[in-house]
Amino acid sequence: MLNLPNFLASIRILLAPLMFWIILNPQVFTDNGFDITWNYYFASLLFVLASITDFFDGYIARQWNQMTMLGAILDPLADKMLTLAAFLGLMMIGEASAWAIYIIIVRELFITGIRTVAVSEGISVKASWAGKVKTVAQMIAIGFLLMHWPFGTALLWFAVFLTVYSGLEYLWGFKNALTKEQQS
C-alpha cells in the first residue's frame with residue numbers, strides 16, 4: 001500500500017542515484033561557470049532533503065498507524081541506497097576511505113542477511129538505539145565529507161566504529177531471540 005510514509009521512502013530511493021550522479025559529475029556545474037562548491041552544496045542539499053524524509057516517514061508511520069509490510073521493506077532499503085550512494089560517490093572521488101566504506105557495506109549486507117533469516121524464523125529483532133545512533137553518525141559524516149569540511153574523515157571513522165558496534169549488538173539480539181525461540 002502506497003501511503004504517505006511509503007511515498008516518502010520512495011522519494012529517498014529516487015534521490016539517492018541523483019545525488020550519486022551529482023557527486024560523480026562536478027563538471028555539470030564547473031562547465032557552466034559555477035564554482036565546484038556548488039556541486040558540494042547541491043549534493044548536500046539532496047542528501048539533507050532525503051535524510052529528512054527518513055525522519056518523517058518513520059514518524060508519520062508510527063503516529064498515524066500507517067506501518068505496512070511494504071514500508072518495512074522500503075524504509076531500510078531507501079536508507080541503505082541513500083547512505084551507500086553517498087559513501088560510494090565520496091569514495092570514488094577520493095573523499096572517503098575505501099576501507100571505511102568496505103566495512104560499512106559488509107556490515108549492512110551481514111545485517112540484511114540476519115534480518116532475512118529472522119523473518120524466515122518468525123523472529124522480530126528491532127533496530128537498536130545503537131543502530132539509530134550509527135545512522136545519525138553516518139549521516140553527519142556524509143554531510144561533512146560532501147561539504148569538504150574539517151573532521152569529515154574523523155567523523156567517518158567514528159561512524160565506522162558505531163557501525164561495527166551496532167552490528168555486533170544486532171547480532172547479539174538475534175542470537176538471544178533465536179535462543180528464546182528454540183527454548184519455547
Side-chain angles (χ1 to χ4, degrees), residues 4-61 71 73-112 127-167:
L4 182 57
N6 294 345
F7 176 73
L8 291 173
S10 298
I11 289 173
R12 201 158 61 255
I13 288 171
L14 295 174
L15 289 176
L18 177 60
M19 179 195 60
F20 182 68
W21 183 82
I22 288 169
I23 292 169
L24 296 180
N25 293 287
Q27 70 277 5
V28 170
F29 293 93
T30 57
D31 288 354
N32 289 301
F34 293 97
D35 188 75
I36 187 72
T37 56
W38 282 98
N39 178 270
Y40 309 154
Y41 298 150
F42 197 60
S44 297
L45 176 65
L46 287 176
F47 182 75
V48 167
L49 289 174
S51 297
I52 289 169
T53 69
D54 184 28
F55 169 77
F56 281 109
D57 72 4
Y59 179 79
I60 291 169
I73 294 167
L74 280 182
D75 183 57
L77 175 65
D79 293 348
K80 285 171 185 42
M81 286 179 69
L82 179 64
T83 56
L84 292 178
F87 280 138
L88 289 171
L90 288 162
M91 181 188 72
M92 291 173 73
I93 65 169
E95 292 296 321
S97 162
W99 277 108
I101 305 314
Y102 174 76
I103 292 167
I104 290 169
I105 290 172
V106 167
R107 183 266 190 205
E108 295 303 334
L109 291 172
F110 186 71
I111 296 305
T112 299
S128 69
W129 184 81
K132 293 177 190 298
V133 172
K134 175 263 314 178
T135 300
V136 170
Q138 285 181 353
M139 290 181 170
I140 291 169
I142 288 168
F144 270 68
L145 291 166
L146 282 172
M147 290 301 295
H148 301 266
W149 287 343
F151 308 111
T153 299
L155 289 169
L156 173 60
W157 282 106
F158 178 67
V160 168
F161 170 77
L162 291 175
T163 298
V164 171
Y165 176 81
S166 68

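- In this structure, CG on L84 lies 8.0 Å from CD1 on I104, to the nearest 0.5 angstrom.
- Taking CG from L8 and CG from L74, the interatomic distance works out to 11.0 Å, rounded to the nearest 0.5 Å.
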Passes side chain to side chain contact (heavy atoms under 4.5 Å, CB included), E108 versus T83? Steps please.
CA-CA 11 Å; E108 295 303 334; T83 56; 5.9 Å; no
Would you sort out whether R12 and D75 count as a side chain to side chain contact (heavy atoms under 4.5 Å, CB included), showing the intermediate values?
CA-CA 9 Å; R12 201 158 61 255; D75 183 57; 2.6 Å; yes
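- A137 approaches L162 most closely through the heavy-atom pair CB-CD1, 3.6 Å.
- I60 contributes atom CD1, which lies 9.0 Å from atom CZ of F55 (distance to the nearest 0.5 angstrom).
- No donor-acceptor pair closer than 3.5 Å links the side chain of D54 to the backbone N or O of A50.
- Side-chain atoms of N25 come within 3.5 Å of backbone N or O of W21 as a donor-acceptor pair.
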How far apart are the C-alpha atoms of N39 and V28, what are their side-chain angles, what is the distance that settles it, and do they pass the side chain to side chain contact (heavy atoms under 4.5 Å, CB included) test?
CA-CA 8 Å; N39 178 270; V28 170; over 6 Å; no
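- Between A43 and M19 the shortest heavy-atom distance is O-CG, 3.7 Å.
- Side-chain atoms of S51 and L82, non-hydrogen and from C-beta on, do get closer than 4.5 Å to each other.
- Using a 4.5 Å heavy-atom cutoff, the side chains of W157 and T153 are in contact.
- The aromatic rings of Y165 and F161 sit parallel to each other, their planes meeting at less than 30°, with 60° as the upper class boundary.
- H148 places none of its side-chain heavy atoms less than 4.5 Å from the side chain of T37.
- By the 4.5 Å heavy-atom criterion applied to side chains, T30 and Q27 are counted as neighbours.
- Judged purely by atom type and a 3.5 angstrom limit, D57 has no side-chain atom pairing as donor or acceptor with the backbone of F7.
- Pairing each heavy atom of G89 with each of L24, the nearest pair is O-CD2, 3.9 Å.
- The closest side-chain heavy-atom distance from I105 to L88 is below 4.5 Å.
- With contacts defined as side-chain heavy-atom distances shorter than 4.5 Å, the pair K134/S128 does not qualify.
- Taking the side chain as every heavy atom from C-beta outward, I101 and L90 never approach each other to under 4.5 Å.
- Atom CZ of F47 and atom CG of L146 lie 7.0 Å apart (nearest 0.5 Å).
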Under the side chain to side chain contact (heavy atoms under 4.5 Å, CB included) rule, what do Q138 and F87 come out as? Steps first, then yes or no, please.
CA-CA 9 Å; Q138 285 181 353; F87 280 138; 4.0 Å; yes
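- Between W99 and Y102, the ring planes are perpendicular. Angles over 60° get that label, and only those under 30° would be called parallel.
- Between A85 and I23, the closest heavy-atom pair is O-CD1, 4.4 Å.
- Contact record, R107 with S166: NH2-OG, 2.9 Å, taken as the closest heavy-atom pair.
- From T163, atom OG1 reaches atom CZ of F158 across 10.0 Å, with rounding to the nearest 0.5 Å.
- When all heavy atoms of I13 and P17 are compared, the closest pair comes out as O-CD, 3.0 Å.
- At least one side-chain heavy atom of F29 sits less than 4.5 Å from a side-chain heavy atom of I22.
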